[in-house]
Amino acid sequence: MVSTRILGIESSCDETAAAVVADGRDVLSNVVASQVDIHRKYGGVVPELASREHLRRIVPVVREALEQAGLAMRDLDAIAVTRGPGLVGALLVGVTYGKALAMSLAKPLVAVNHIEGHIHAVLLEARGAGREPELPAVCLVVSGGHTVLYRVEREGASGESARQFCYERLGQTRDDAAGEAYDKVARLLALGYPGGPVIDQLVESSSESATPDPGAVRFGSVKIKGNPRDFSFSGLKTAVLYYLRAHPELQPEIDARREALTRGQRKAEQLRPLCSRQTLDLLASFQKAVVEDLVTRTLAAASELGVRTVLVSGGVAANRQLRATFEEEGRVRGIDVLFPSRQLSTDNAAMIAAAAYPKFLAGEHADWELNADPSLRLA
Ligand code: KG4
Ligand code: ZN
């Protein structure tokens, strides 16, 4: 059987990515050019620099994705591109390039929502491993830009790949995204950018030091009026700020780490010797609060809806403690929790090509008027 090969293009934030996926299941190539080194010194993504870098990288990244897949442009069945949400200038690079490519090759163009892409990162890999997840599912998309909870289902009769996916939004963050909270706390403590991966590693037990104590600092659970499926993380970041104000003895080590970062020492193993036990305990307590909140609200939603599958995706889904806690708590409640590999948790284009596959089969093609939509919603 001849397979359907879709080229995905992703440029919504700070990764320029291209990938070729066959039949929404087999990743033939997955190229990601990260701009993190460019944005690091500003402690966050600078939109103008992101657009400029996407412009510089998009052509070589797409070329490499085709080379790695061993394909020529003419072998593609469709071009899929992220239309939003994201930074408008960044999105425009991918949308304009994708449109031009599709037009010149006379191939269909498929527009994809970035959040839908994150959901398909999990579905893609599960399918590749021979197990199509049972739907409906509750899906948590948790990254630097988003913390949203959806109910995911497929329309129509079972069996055909063309059946479209449909989404219902159950809740979302009222303020910061969870990844943003990690990044802001890392900034307060001079742990570099992005903060999530470093904090994740610092709170892991290491052979040289005792495991940090996640019960050392009590943050209290987040109270949310109204929808109990909503999230809020800005209070947690403020609580860390107040803790630091109340503990000026931590300032010298913060200054020492800032110094180390300027020398390019940003790896967890380089920063760990510059972190006191008190700091590691603070980080472990912060992470426990984030993880417990995400896991509790997501699994409660699944139980209330009688759903047995939970999908977790987005940059923060790479977090080891989040994965372990979800798996453990899911097992207790008889809920299957699925994650993408760490590689497909953060932004990539394989997830965009995978999300485009059912749309392509259903003939949902974009026209040449397609424009970037920085505040595009999924539901
Ligand atoms: O999905 P992503 O690559 O980009 C967005 O769409 O935002 O996610 C990046 C976010 C950053 O905030 C980063 O700190 C966080 O994901 N992150 C993590 C981990 N790896 C990345 N947070 C916690 N633990 C991790 N291991
Ligand atoms: Zn993302």
Side-chain angles (χ1 to χ4, degrees), residues 8-17 19 30 32-36 39-40 43-45 47 50 54 82-87 90-91 94 112-122 139-148 172-173 176-189 191-204 233-234 236-237 266-268 283-284 286-295 311-326 339-352 354-355 374-376 378:
I9 298 174
E10 154 65 37
S11 71
S12 66
C13 190
D14 61 342
E15 340 269 358
T16 317
N30 182 30
V32 181
S34 171
Q35 305 177 0
V36 77
H39 302 289
R40 181 173 282 128
V45 179
H54 283 308
T82 304
R83 178 184 169 211
L87 302 167
L91 287 164
V112 175
N113 180 310
H114 179 82
I115 309 274
E116 186 175 15
H118 274 300
I119 297 173
H120 280 264
V122 198
C139 182
L140 172 69
V141 178
V142 60
S143 71
H146 313 278
T147 301
V148 209
Q172 65 187 337
T173 183
D176 292 350
E180 198 178 347
Y182 268 95
D183 296 338
K184 286 179 174 171
V185 164
R187 197 177 180 153
L188 288 172
L189 284 155
L191 293 168
Y193 172 83
V198 173
I199 294 178
D200 184 358
Q201 286 172 59
L202 285 175
V203 301
E204 276 286 295
F233 294 103
S234 74
L236 208 48
K237 166 210 68 193
R266 63 182 99 86
K267 291 196 175 133
L283 290 174
F286 161 76
Q287 174 155 289
K288 177 171 182 254
V290 175
V291 166
E292 277 187 356
D293 197 65
L294 291 171
V295 172
L311 315 174
V312 187
S313 189
V316 182
N319 187 274
R320 282 172 283 195
Q321 200 187 326
L322 185 76
R323 287 176 176 244
T325 312
F326 254 126
F339 296 87
S341 62
R342 283 162 146 261
Q343 212 184 357
L344 291 195
S345 292
T346 48
D347 290 350
N348 65 85
M351 68 186 198
I352 302 303
S375 47
L376 184 68
L378 184 56

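Since the model is a prediction, treat every value here as computed from it, not as a measurement. Whatever order the structure lists them in is the order used to number ligands and atoms, beginning at 1. Note that the numbering runs from 1 along the sequence shown for the chain.
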Query raised in the report: What is the minimum heavy-atom distance between Arg323 and Ser345, and which atoms define it?
Result: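 Closest pair (atom of Arg323, atom of Ser345, distance): NH2-OG, 3.2 Å.
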Query - Heavy-atom check, side chain of Asn113 versus side chain of Arg83, under 4.5 Å - result: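 No; the side chains remain at least 4.5 Å from each other.
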Counting heavy atoms only, which part of [X] comes closer than 4.0 Å to ligand 1: side chain, backbone, both or neither?
X	value
His118	side chain
Thr346	both
Asp200	side chain

Less than 3.5 Å between some nitrogen or oxygen of [X] and one of ligand 1, yes or no?
X	value
Asp347	yes
Tyr182	no
Gly314	no
Gly144	yes
Arg342	no

Can a donor-acceptor pair be found, under 3.5 Å and without considering hydrogens, that links the side chain of [X] to the backbone of [Y]?
X	Y	answer
Asp200	Arg320	yes
Thr147	Ala178	yes
Asp293	Ala289	no
Arg266	Gly192	no

Report task. Name all residues meeting the side chain to side chain donor-acceptor pair (under 3.5 Å) criterion together with Asn319; count only those two or more places apart in sequence or in a different chain, and write none if there are none. Result ->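 Side chain to side chain donor-acceptor pair (under 3.5 Å) check on Asn319 returns Tyr182, Gln287.
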Query raised in the report: How far does CG of Asn30 sit from CD of Gln343, to the nearest 0.5 angstrom?
Result: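 Answer for the CG-CD pair, Asn30 versus Gln343, is 5.5 Å.
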Report task. Measure the spacing between CG of Asp183 and CG of Leu191 and express it to the nearest 0.5 Å. Result ->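 So the gap between those two atoms works out to 11.0 Å.
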What is the closest protein heavy atom to [atom], and at what distance does it sit?
atom	value
atom 8 (O) of ligand 1	Gly315 CA, 3.3 Å
atom 14 (O) of ligand 1	Asp183 OD1, 2.7 Å
atom 24 (N) of ligand 1	Asn319 ND2, 3.0 Å

Query raised in the report: Can you tell me if His54 and Ser11 form a side-chain donor-acceptor pair at under 3.5 Å?
Result: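 Result is no, nothing qualifies.
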Query - Thr82 versus His114, side-chain donor and acceptor atoms under 3.5 Å - result: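 Looking only at side-chain atoms, Thr82 and His114 do not form any donor-acceptor pair under 3.5 Å.
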Under 4.0 Å from a heavy atom of [X]: give me the atoms of ligand 1 that qualify, with their elements.
X	value
Gly179	12 (O)
Gly196	14 (O), 18 (C), 19 (C), 22 (N), 23 (C), 24 (N), 25 (C)
Gly145	7 (O)
His114	6 (O)

Requested in this report: Please work out the angle at the Zn ion (ligand 2) defined by atom NE2 of His118 on one side and atom NE2 of His114 on the other, rounded to 10°.
Outcome: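 Value, to the nearest 10 degrees: 90°.
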Report task. Check Asp347 and report its N/O/S atom nearest to the Zn ion (ligand 2), by atom name. Result ->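 In Asp347, the N, O or S atom with the shortest distance to the Zn ion (ligand 2) is OD1.
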